[in-house]
Amino acid sequence: MTAQRIDGKQLAAQLRADIKSEITTHLKKGVRAPGLAVILIGHDLASQLYVKNKRLACEEVGIHSFVFNLSADITEKELLDLIHDLNQRADIDGILVQLPLPSHITTQAVIETIDPQKDVDGFHPYNLGRLAQFQPTLRPCTPYGIMMLLGTLDLTLKGKRAVVVGASNIVGKPMALELLMAKCTVTLCHSATLNLQEEIEKADILVAALGHPHVIRSEWIKPGAVVIDVGMNRIDGVLKGDIAYETAAQRAAWITPVPGGVGPMTVAMLLKNTLSAWRRG
Ligand code: GUN
């Protein structure tokens, strides 16, 4: 078997075109453009690249981006004060603080300070709680994008065994909730999982979000499975997923490439969330 490639780059481009079209229609009527504030702290190269991609995507669709490049020694109070200001601003619909943060800043305090209605990352306990109750509001971008990709496949999710590897607040936990909402039987694996191979071998849908290559072996993949690779590992300057694409594609029915799979969808869903927040505002 050779898997079909799930083209996230193409679907993301289509979504951006739809978003651009909606914004253009509204702008012609004199409505103000959607606004997204992106806060980047320090000089992490990967974070700088992600923020640049987000800014360019905003520009493409007509979202006004306000990028705040802050020094790594900003105090927590200064950052929270900035977020309070942005919460109040009528020209800003969405607020995103790029993670990870410097260790002297409490990530949870930052997440909880963002107005849930402007939380386009979907990380605020209100938005995650709504997802847990299957009443989603703003949904975390990467899992939301993966659900959109799964929706393009000729596949019924209901009743499937889904295994998510990696239990982060950003990807793994909300991914498990999304799959549960789609009526999959969900297993969420993490660093203390006793027998990862045994869990993965049962997966009709496998979502790899470990952030490490070479842990999941292609031989563990169930023949005919859907493989979603969230990994973004830079190895000798080359971007690689958590899964060895070529060998995994010999067993899977569908598989996402890295790059060009999940990554572009994360950015597209950020735009979609910003649009939702703007419509409400
Ligand atoms: N760092 C890695 N992924 C993300 C994301 O989706 N949102 C934010 N804010 N930071 C991240």
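Note that the numbering runs from 1 along the sequence shown for the chain. For ligands, and for the atoms within them, numbers begin at 1 and follow the listed sequence.
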Suppose we measure from [atom] to each protein heavy atom; which comes out shortest, and what is that distance?
atom: atom 5 (C) of ligand 1; value: Asp121 OD1, 3.9 Å
atom: atom 10 (N) of ligand 1; value: Leu99 N, 3.0 Å
atom: atom 11 (C) of ligand 1; value: Gln98 NE2, 3.3 Å

Between the side chains of [Y] and [X], is the shortest nitrogen-to-carboxylate-oxygen separation below 4.0 Å, so that they form an ion pair?
X: Arg16; Y: Glu60; result: yes
X: Arg161; Y: Glu199; result: no
X: Asp93; Y: Arg32; result: yes

For residues 142-158, please give each side-chain donor-acceptor pair under 3.5 Å, one per line with the distance, not counting sequence neighbours.
residue : atom : partner : partner atom : Å
Thr142  : OG1  : Thr266  : OG1          : 2.9
Thr152  : OG1  : Leu149  : O            : 2.6

Quiz item: Out of curiosity, is Val97 lining ligand 1, as in a heavy atom under 4.0 Å away?
Solution: yes
Quiz item: Phe123 near ligand 1, heavy-atom distance under 4.0 Å?
Solution: yes
Quiz item: What pairs with Asp91 under side-chain hydrogen bond (donor to acceptor under 3.5 Å, both in side chains), at least two apart in sequence or on another chain?
Solution: Arg89
